[in-house]
Student: 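The following block contains the structure, expressed as structure tokens.
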Number of protein chains: 2
Amino acid sequence: MSFVDKLDKASERNRSLVCVGLDPDPDLMPDVELFEFNKAIIDATADLVCAYKPNLAFYEALGSAGMEALKRTADYIPGDIPVIGDAKRGDIGSTARAYAKALFEVFGFDAVTVNPYLGQDSVQPFIDYKDKGIFILCRTSNTGALDFQALNLWSGRPDCRQQPLYMLVAMKAREWNKYGNVGLVLGATYPQELREVRELCPDMVFLIPGLGAQGGSLKAAVKYGVDTGGKRAIYNNSRQVIFASRGAEFARAARLAAEDFRQQIETNRPG
Amino acid sequence: MSFVDKLDKASERNRSLVCVGLDPDPDLMPDVELFEFNKAIIDATADLVCAYKPNLAFYEALGSAGMEALKRTADYIPGDIPVIGDAKRGDIGSTARAYAKALFEVFGFDAVTVNPYLGQDSVQPFIDYKDKGIFILCRTSNTGALDFQALNLWSGRPDCRQQPLYMLVAMKAREWNKYGNVGLVLGATYPQELREVRELCPDMVFLIPGLGAQGGSLKAAVKYGVDTGGKRAIYNNSRQVIFASRGAEFARAARLAAEDFRQQIETNRPG
């Protein structure tokens, strides 16, 4: 089954556009072993989400024990819920093939995030896994997005209006999307940009971080993020859900936070 | 000791600007266990190089055994030769801190490569390790560099009108280089761009891949890559050195290839 089909099914079953980010930061975690922490969060939220998204940085920072916990976590997530490996990799073709192998074959992720800076040959080896989802960073949720992504392209041609870099990335992503498995990462912190890119790419799946701890407006992010059917947008929340409590009841608190987040999105979701 | 001092010392001691890329591709390797392969290559070339550069993709593709071999390799490299972890990471601030911890503290690399697409807050957590080297991707060696890096952008600043993206990245890198530990990655396959960026950043260390298997011109890459003292450029060669032979004599063949590469650079090096 393709990533998009799996996502659609999970999303319908749980009436949810929520992705829970499994980003275990030792400074914020309750006093629980890493895999046990993830397992408890998954058990408490599996009927409320359309996807899970572990960010590899937090596991790599913990060395081999972290990587082992990541593998166990990916294996533990129920088979009918897609897992997005948030890795943001990008390298030249031959190396990108090795990264794709690591993420799709070693960890078995259903989808990954990739960085577009190195262009098509850095992304194609991922896209060639036709049943996997490839989320290309477009307009990210952080302030540094202004440094390069927001700069306008200078076209020497008078008939061609200026476009910011992230719009060119979206255009290229659309062009590369021969198998229907390419999506985009768009921060909820930039709702007008989200709207613009949704107009350009009406059918693509958008992965939308930046709500919750990062403070983006949920209402605008839902209004402009979903497709015309009110679907194809994945709203990620990491810290507000998984670190809702540091006490013994952390999993129950995570469930309540995820349910609240789900409900806020459903209230604002058209269709 | 800072990364740049360590690099300068190794480079002077071995009269070398050669970096050997430790990128073990199972399809190209002789029939040897991974760490033993790296160990043999290191033993055969340690007096000929100024740095080693493992690319993490090839280790991640081999799962936990690969990551274990990477750690052992980083530990095995003689302490007076800098190790560049070629990871090309890039993520929002809080996540970038986790990646920096993984690369500098778990693996103990002396330097890393990072991707600039997410802007300053994605790079700063690396730069804050003042004794480590941070190579920001600028103009990469692959054909995909044309997709975005080569586009002309309007920066909005009075001192630079329209500039290709890679030049804006170089300008930002120069601005961010408060501790003297920021360098750039520039592909040898684009010698004119290398020349341009060297003019803009006369003192920075450049990491220059794309010679050897990727076919860039060595003469132009040396002429335009080094600083006015004939230093501060690191020429990486992976496949032509480490896969010089698949036979039992692979380490000796790697030494001959590294020595040849070193000599070609020395012949063209001014000063």
Side-chain angles (χ1 to χ4, degrees), chain A residues 23 25 55-64 66-68 71 86 88-103 105-106 115-124 137 140-149 151-156 162 165 168-169 172 209 214 239, chain B residues 23 25 55-64 66-68 71 86 88-103 105-106 115-123 137 140-149 151-156 161-163 165 168-169 172 209 214:
Chain A
D23 303 346
D25 183 334
N55 187 309
L56 273 71
F58 296 97
Y59 300 88
E60 294 181 15
L62 299 170
S64 57
M67 299 313 277
E68 176 67 24
K71 179 78 176 85
D86 194 356
K88 299 187 176 67
R89 300 301 196 248
D91 211 312
I92 65 170
S94 52
T95 312
R97 277 196 292 281
Y99 273 131
K101 189 175 177 199
L103 296 164
E105 299 183 34
V106 174
N115 186 308
Y117 189 70
L118 283 88
Q120 182 169 15
D121 59 306
S122 71
V123 176
Q124 194 62 45
L137 300 183
T140 54
S141 58
N142 60 328
T143 53
L146 297 170
D147 286 329
F148 304 115
Q149 298 167 28
L151 298 181
N152 281 311
L153 172 80
W154 179 274
S155 162
Q162 290 188 31
L165 177 58
L168 295 171
V169 168
K172 283 284 182 189
Q214 292 183 63
R239 283 169 276 179
Chain B
D23 303 346
D25 183 333
N55 187 309
L56 273 70
F58 296 99
Y59 300 88
E60 294 181 16
L62 299 170
S64 56
M67 299 313 277
E68 176 67 23
K71 179 79 176 86
D86 194 356
K88 300 187 176 68
R89 301 301 195 247
D91 211 312
I92 64 170
S94 52
T95 312
R97 277 196 292 282
Y99 274 131
K101 189 176 176 197
L103 296 164
E105 299 184 32
V106 174
N115 186 307
Y117 189 70
L118 283 87
Q120 182 169 15
D121 59 305
S122 70
V123 176
L137 300 182
T140 55
S141 59
N142 60 328
T143 54
L146 298 170
D147 287 328
F148 304 114
Q149 298 166 27
L151 297 180
N152 281 314
L153 294 168
W154 170 265
S155 76
R161 295 298 183 194
Q162 44 168 321
Q163 292 274 12
L165 176 58
L168 295 171
V169 168
K172 282 285 183 189
Q214 294 183 60

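Quick note on labels: first sequence line is chain A, next is B, and so on, each numbered from 1. None of the values given here were measured: they were computed from a predicted structure.
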Student: Given heavy-atom pairs under 4.5 angstrom as the criterion, report whether the side chain, backbone, both or neither of B:Asn115 touches chain A.
Tutor: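 Just its side chain gets close to chain A.
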
Student: Which bit of B:Thr95 comes within less than 4.5 Å of chain A, counting heavy atoms only: side chain, backbone, both or neither?
Tutor: both

Student: How close do A:Pro116 and B:Phe148 get, heavy atom to heavy atom, and via which atoms?
Tutor: O-CD1, 3.2 Å

Student: Would you compute the distance between atom CG of A:Asn55 and atom CG of B:Asp91 and round it to the nearest 0.5 angstrom?
Tutor: 5.0 Å

Student: For the residue pair A:Asn152 and B:Leu153, establish whether any side-chain heavy-atom pair is separated by less than 4.5 Å.
Tutor: no

Student: Can you tell if the side chain of A:Tyr99 reaches within under 4.5 Å of the side chain of B:Leu56, non-hydrogen atoms only?
Tutor: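 Of all side-chain heavy-atom pairs linking B:Leu56 with A:Tyr99, at least one is under 4.5 Å.
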
Student: More than 12 foreign heavy atoms under 6.0 Å from NZ of A:Lys101: is that the case here?
Tutor: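 No, NZ of A:Lys101 has 12 or fewer neighbouring heavy atoms, counting only those of other groups under 6.0 Å.
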
Student: Does a side-chain heavy-atom distance below 4.5 Å link A:Tyr117 with B:Lys88?
Tutor: no

Student: Looking at chain B, which one of A:Asp147, A:Leu118, A:Asp121 has the largest number of heavy-atom pairs inside 4.5 Å, strictly under?
Tutor: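 Top option by heavy-atom pairs under 4.5 Å: A:Leu118.
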
Student: Let me confirm one number: the CD-OG distance from A:Glu68 to B:Ser64, rounded to the nearest 0.5 Å.
Tutor: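 The CD atom of A:Glu68 sits 6.5 Å away from the OG atom of B:Ser64.
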
Student: Okay, side chain of B:Asn142, backbone of A:Gly93: is any donor-acceptor separation there less than 3.5 Å?
Tutor: no

Student: Does a side-chain heavy-atom distance below 4.5 Å link B:Thr143 with A:Gln120?
Tutor: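 Answer no - side chains too far apart.
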
Student: Give me the atom names and distance for the closest heavy-atom approach of A:Ala61 to B:Val106.
Tutor: O-CG2, 3.4 Å

Student: Which bit of A:Val169 is near chain B, if near means a heavy-atom gap under 4.5 Å: side chain, backbone, both or neither?
Tutor: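 For A:Val169, the contact with chain B is made by backbone and side chain together.
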
Student: Working to the nearest 0.5 Å, report the span between CZ of B:Arg97 and CG of A:Asp25.
Tutor: 8.5 Å

Student: Please test B:Arg89 against A:Glu60 for salt bridge (Lys or Arg N to Asp or Glu O under 4.0 Å), starting from the C-alpha separation and ending with a verdict.
Tutor: CA-CA 12 Å; B:Arg89 301 301 195 247; A:Glu60 294 181 15; 3.1 Å; yes

Student: Do the non-hydrogen side-chain atoms of B:Ser94 and A:Arg239 ever get within less than 4.5 Å of each other?
Tutor: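 A side-chain contact exists here, since the closest heavy-atom pair is under 4.5 Å.
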
